[in-house]
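Throughout, residue positions are numbered sequentially from 1 according to the sequence presented. Small disclaimer: the values here were computed from a predicted structure and weren't measured.
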Amino acid sequence: MNAQTNAPVPAATRQDGWRAVSRGLICGYVDSYTLLTFGVYTSFMSGNTIATGMNGGQAKLGAASHALLPIPFFVLGAFIGFLIQKDKSKQQNSLVSMCVAALLFAGVAAAIGAASTSVCVMILSCAMGMMNTTLSQVGGQSVSLGFVTGDLKSIGEQIANLINRTPVALSQGLWDTHWRRLTTLGSIWTCFLIGAIAGAAMAVRVHVWTLLLPAFFLIVLVLTERTTETPKLDSHTVLGGPVEN
């Protein structure tokens, strides 16, 4: 068990872990800002769905339509994100991330230009829909960036598997333990929470400029990830070393 815990994690998996927690931080930040400023979520569509139904059930049609508004634009963003990432390449993933940054800048411009609440919500919901397509797995563990209920469910699952001593599903190697997966999931949830705290703190201080921080941060992330991209394995190379003829 100790040897497994100390086994080195592949560089590509470590990078995916950092990508997941950093983007989870941004999702929490943006979601907190939009909830505080516009009264809706841009990542947590379950919350918007509940608010739509709750207000609809009370015949509060204006409030129901406002809560419903982000949902189709989140779906639109997810559609565009998946459409761009046809081959799941790092270049396509970077393009989606840069599009998200551009939409965050557009959100700032809309707020400065006193655009309607609906326009701002549509822009930011589309951005978060795209963001949630950038990463869905770290090693063998499925992760969620903007709706961390799935991550919390997975944390419970991993704890149960630890207690039951259940083998790791779809193990990627000796390093891929329940503890590693718990660390990944817990880190994403923690960073989402930190992002939510930061988003609210900035929103009450800098107001319309709040989204500049995650936009610039995302650009820095993309540039950094490009410079640290791990080389692909050569077709004549296997995990044990080069294949001899």
Side-chain angles (χ1 to χ4, degrees), residues 4-31 43 77-78 80-101 127-159 161 167-195 214-234 237-239:
Q4 289 183 333
T5 303
N6 294 328
V9 180
T13 302
R14 287 200 307 271
Q15 289 179 10
D16 284 345
W18 282 111
R19 290 172 60 220
V21 297
S22 59
R23 283 162 175 77
L25 181 76
I26 293 173
C27 287
Y29 185 105
V30 176
D31 231 10
S43 281
I80 295 172
F82 283 121
L83 191 66
I84 292 174
Q85 298 175 95
K86 179 181 178 182
D87 301 321
K88 307 297 182 183
S89 68
K90 288 290 182 65
Q91 292 79 8
Q92 292 170 351
N93 187 274
S94 295
L95 177 59
V96 172
S97 294
M98 294 300 283
C99 287
V100 173
M128 290 300 98
M130 294 184 72
M131 175 72 90
N132 277 277
T133 69
T134 56
L135 192 70
S136 60
Q137 191 159 321
V138 177
Q141 176 63 56
S142 297
V143 298
S144 300
L145 304 181
F147 33 100
V148 290
T149 302
D151 294 326
L152 293 173
K153 179 188 76 71
S154 295
I155 287 174
E157 179 184 6
Q158 293 301 329
I159 294 173
N161 288 337
V168 176
L170 302 175
S171 176
Q172 307 293 297
L174 289 177
W175 59 270
D176 191 8
T177 65
H178 293 304
W179 284 112
R180 296 281 189 189
R181 295 190 178 194
L182 273 171
T183 300
T184 297
L185 294 164
S187 297
I188 295 172
W189 179 85
T190 301
C191 285
F192 187 91
L193 175 61
I194 293 171
F216 282 120
F217 181 47
L218 188 54
I219 291 173
V220 171
L221 285 176
V222 171
L223 295 177
T224 302
E225 290 161 1
R226 284 180 176 178
T227 59
T228 59
E229 184 175 344
T230 54
K232 294 181 180 179
L233 286 174
D234 184 78
T237 305
V238 294
L239 293 178

Engineer: Which pair of non-hydrogen atoms, one from Ser187 and one from Thr183, has the smallest distance, and what is that distance?
Structural biologist: OG-O, 2.7 Å

Engineer: Does the pair Trp175 and Thr13 meet the rule for a side chain to side chain contact (heavy atoms under 4.5 Å, CB included), with working shown?
Structural biologist: CA-CA 11 Å; Trp175 59 270; Thr13 302; 3.6 Å; yes

Engineer: Please name all residues satisfying side chain to side chain contact (heavy atoms under 4.5 Å, CB included) with Val220, sequence neighbours left out, ordered by chain then number.
Structural biologist: Thr224

Engineer: Who pairs with Phe82 by ring pair (Phe, Tyr, Trp, His ring centres under 6.0 Å), at least two apart in sequence or on another chain?
Structural biologist: none

Engineer: Which distance, rounded to the nearest 0.5 Å, do you find between the CE of Met98 and the CG of Leu221?
Structural biologist: 11.0 Å

Engineer: Pair up each side-chain donor or acceptor in residues 127-146 with any protein partner under 3.5 Å, not counting sequence neighbours, and list the distances.
Structural biologist:
unit_1, atom_1, unit_2, atom_2, d
Asn132, OD1, Gly146, N, 2.9
Asn132, ND2, Met128, O, 2.7
Thr133, OG1, Gln85, NE2, 3.0
Thr133, OG1, Met130, O, 2.6
Thr134, OG1, Met131, O, 2.6
Gln137, NE2, Gly139, O, 3.0
Gln141, OE1, Gln158, NE2, 3.0

Engineer: Going by the rule side chain to side chain contact (heavy atoms under 4.5 Å, CB included), which residues pair with Leu95 if we only count those two or more places apart in sequence or in a different chain?
Structural biologist: Ile84, Cys99

Engineer: Please answer whether the main-chain N or O of Ser43 pairs with a side-chain N or O of Asp31 as donor and acceptor at a distance below 3.5 Å.
Structural biologist: yes

Engineer: Indicate the atoms forming the closest heavy-atom contact of Leu185 with Ser154, along with that distance.
Structural biologist: CD1-CB, 3.5 Å

Engineer: Is the closest side-chain heavy-atom distance between Trp189 and Leu193 below 4.5 Å?
Structural biologist: yes

Engineer: Please check if the number of heavy atoms outside Lys88 that lie under 6.0 Å from its NZ is greater than 12.
Structural biologist: yes

Engineer: Report yes or no: does Gln15 contribute a side-chain atom to a donor-acceptor pair with the main-chain N or O of Glu225 at less than 3.5 Å?
Structural biologist: no

Engineer: Could you pull out all residues at least two apart from Ser171 that satisfy side chain to side chain contact (heavy atoms under 4.5 Å, CB included)?
Structural biologist: Val168, Asp176

Engineer: Test your reading of the model: is there a side-chain donor-acceptor pair from Glu157 to the backbone of Lys153, 3.5 Å cut-off?
Structural biologist: no

Engineer: Partners of Leu223 by side chain to side chain contact (heavy atoms under 4.5 Å, CB included), sequence neighbours excluded?
Structural biologist: Ile219

Engineer: Can you measure from CD1 (Ile188) to OG (Ser22) and round to the nearest 0.5 angstrom?
Structural biologist: 9.5 Å

Engineer: Looking only at side-chain N and O atoms, does Arg181 offer a donor or acceptor that is under 3.5 Å from a partner on Asn161?
Structural biologist: no

Engineer: If you compare all heavy atoms of Leu25 against all heavy atoms of Cys191, which two are closest, and at what distance to 0.1 Å?
Structural biologist: CD1-O, 3.2 Å

